[in-house]
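Here's the structure, in structure tokens; my notes come after.
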Amino acid sequence: MYGPKILVMAGSLRAGSHNGRLAALVAKELALAEAHVTRISLADYPLPLLDAELLADSGPPDAAVKLKHMLAAHQGAFIASPEYTASVTPLLKNAIDWVTRVRERNEAPYAAFKDRVFALGSASARADGGLHALAALRQILEIGCGAVVLPEQINVGRADDAFDDMDNLKDEDLATALKDMVRRLIDLASVMPKATE
Ligand SMILES: Cc1cc2nc3c(=O)[nH]c(=O)nc-3n(C[C@H](O)[C@H](O)[C@H](O)COP(=O)(O)O)c2cc1C
């Protein structure tokens, strides 16, 4: 019997992305803890840069509708975002912005974010990791989208040397913190309303 449905994604498409690696590790730990995990790449949801004129002219593109449905089909999500200029990547922000503009008939605004729980991570080559990206993403999801965001988060500094050959975290305390975050994500996602198909 599987646990809640959890979506996992990274805010980077870079080959060898540290955040892609972090997302893969969290997906593995979620699956080991018996969550029903879906890992996606934003490469499969190509979206133009959101501009209000474009939105007014043509509405959200199909990829935005698909991404919104994908989110809505899960009770929780883990997002690993790189830090770009003390914030999240434009790729991730643009995707979130588009999803907020998709509204089915009679649906409340931000329906795909409300009643969902999010856990956050960031990996950066810098010693202090992606703390600013984590703060920015928390603000976007909590304040901007009305989501529940776990206080537990994973910040991987010196990311080029943080993973071992098996793609696990070398630092034992960080590895334990990641497992604790995964457990909390599963526990809270389990009490969220059932996801839409
Ligand atoms: C435009 C740009 C801005 C960046 N700004 C920051 C930053 O403010 N802080 C930081 O730690 N790293 C910064 N970086 C470095 C990225 O965080 C680093 O390349 C990281 O590995 C990207 O994540 P990825 O490996 O998942 O692709 C920046 C990189 C780019 C391309």
Side-chain angles (χ1 to χ4, degrees), residues 2-47 63 66-67 70-71 73-84 88-96 99 116-134 136-138 140-141 147 149-150 152-190 195:
Y2 273 104
K5 296 175 80 174
I6 312 273
L7 188 66
V8 174
M9 72 180 92
S12 171
L13 305 182
R14 192 176 71 80
S17 159
H18 300 311
N19 287 278
R21 228 169 162 187
L22 179 58
L25 176 58
V26 169
K28 183 179 85 173
E29 293 294 346
L30 281 164
L32 285 172
E34 303 210 326
H36 185 95
V37 184
T38 312
R39 193 170 155 221
I40 60 167
S41 166
L42 289 177
D44 295 323
Y45 301 86
L47 289 162
K66 280 188 197 146
L67 187 56
M70 181 57 84
L71 190 55
H74 293 77
Q75 291 152 283
F78 173 77
I79 304 179
S81 177
E83 179 163 309
Y84 276 15
V88 299
T89 56
L91 172 79
L92 180 60
K93 180 64 162 60
N94 192 51
I96 292 172
V99 169
R116 300 281 180 282
V117 57
F118 289 78
L120 313 182
S122 183
S124 166
R126 294 193 190 168
D128 60 350
L131 275 177
H132 301 293
L134 286 165
L137 186 52
R138 182 174 296 279
I140 291 163
L141 292 169
V149 183
L150 288 186
E152 294 85 355
Q153 59 186 18
I154 291 298
N155 183 30
V156 181
R158 301 191 203 285
D160 5 19
D161 191 39
F163 296 89
D164 66 19
D165 294 343
M166 302 291 286
D167 277 344
N168 291 311
L169 287 167
K170 289 182 187 169
D171 185 291
E172 281 183 24
D173 290 343
L174 201 54
T176 301
L178 187 146
K179 285 191 173 75
D180 290 347
M181 181 198 70
V182 160
R183 191 67 259 161
R184 278 274 281 165
L185 178 56
I186 290 175
D187 288 349
L188 273 188
S190 300

So CG of Leu137 and OG of Ser81: to nearest 0.5 Å the spacing works out to 6.0 Å

TODO: For atom CZ of Arg158, decide whether the heavy atoms of other residues, nucleotides or ligands shown that lie under 6.0 angstrom number more than 12.
DONE: no

Query - Flag side-chain contact, heavy atom, 4.5 Å: Leu25 against Phe163 - result: yes

In short, Ser41 meets Leu13 closest at the heavy-atom pair OG-CD2, 3.8 Å

message = Regarding Thr38 and His74, do their side chains bring together a donor and an acceptor under 3.5 Å, going by distance alone?
response = yes

Scanning both residues in full, the closest heavy-atom pair of Val156 with Ala162 reads CG1-CB, 3.4 Å

* Are side-chain heavy atoms of Phe78 and Met9 found at a separation under 4.5 Å? -> no

Query raised in the report: side chain to side chain contact (heavy atoms under 4.5 Å, CB included) between Met181 and Glu29: does it pass, once the steps are laid out?
Result: CA-CA 10 Å; Met181 181 198 70; Glu29 293 294 346; over 6 Å; no

On a heavy-atom basis, the closest approach of Leu22 and Ala80 is CD2-CB, 4.1 Å

Nearest heavy-atom approach of Tyr45 to Ala63 is CD2-O, 3.5 Å

In this structure, OG of Ser12 is separated from CD of Glu83 (nearest 0.5 Å) by 13.5 Å

(message) Any non-hydrogen side-chain atom of Asn94 less than 4.5 Å from a side-chain atom of Thr89?
(response) no

For residues 168-175, please give each side-chain donor-acceptor pair under 3.5 Å, one per line with the distance, not counting sequence neighbours.
from	atom 1	to	atom 2	distance (Å)
Asn168	OD1	Lys28	NZ	2.7
Lys170	NZ	Asp161	O	3.2
Lys170	NZ	Asp161	OD1	2.7
Asp171	OD1	Asp173	N	3.0
Asp171	OD1	Leu174	N	2.9

Per side chain to side chain contact (heavy atoms under 4.5 Å, CB included), Leu67 is matched among Asp44, Ile96, Leu42 by Leu42

* Quick one: are Phe118 and Leu185 in side-chain contact, heavy atoms under 4.5 Å? -> no

- Indicate yes or no: at least one non-hydrogen side-chain atom of His36 is less than 4.5 angstrom from one of Ile6. no

All heavy atoms of Gly121 vs all of Asn19, minimum pair found to be O-OD1, 4.4 Å

For Leu47 and Ala95, the nearest pair of non-hydrogen atoms, with its separation, is CD1-CA, 3.9 Å

Result for side chain to side chain contact (heavy atoms under 4.5 Å, CB included) between Ile154 and one of Leu178, Leu134, Val26, Leu120 points to Leu178

Is it true that Asp180 and Arg184 make a salt bridge, defined as a side-chain N closer than 4.0 Å to a carboxylate O? no

ask   = Just by modelled atom types, is the Ala24 backbone N or O under 3.5 Å from a matching donor or acceptor in the Asp167 side chain?
value = no

To the nearest 0.5 Å, atom CZ of Arg183 lies from atom CD of Glu152 at 12.5 Å

Check the pair Leu141, Ile79 against side chain to side chain contact (heavy atoms under 4.5 Å, CB included), reporting the backbone distance first and the verdict last.
-> CA-CA 11 Å; Leu141 292 169; Ile79 304 179; 4.3 Å; yes

* **Under 3.5 Å donor-acceptor, Gln75 side chain and Lys5 backbone** => yes

Donor-acceptor pair, distance only, cut-off 3.5 Å: does the side chain of Ser122 make one with the backbone of Ala133? no

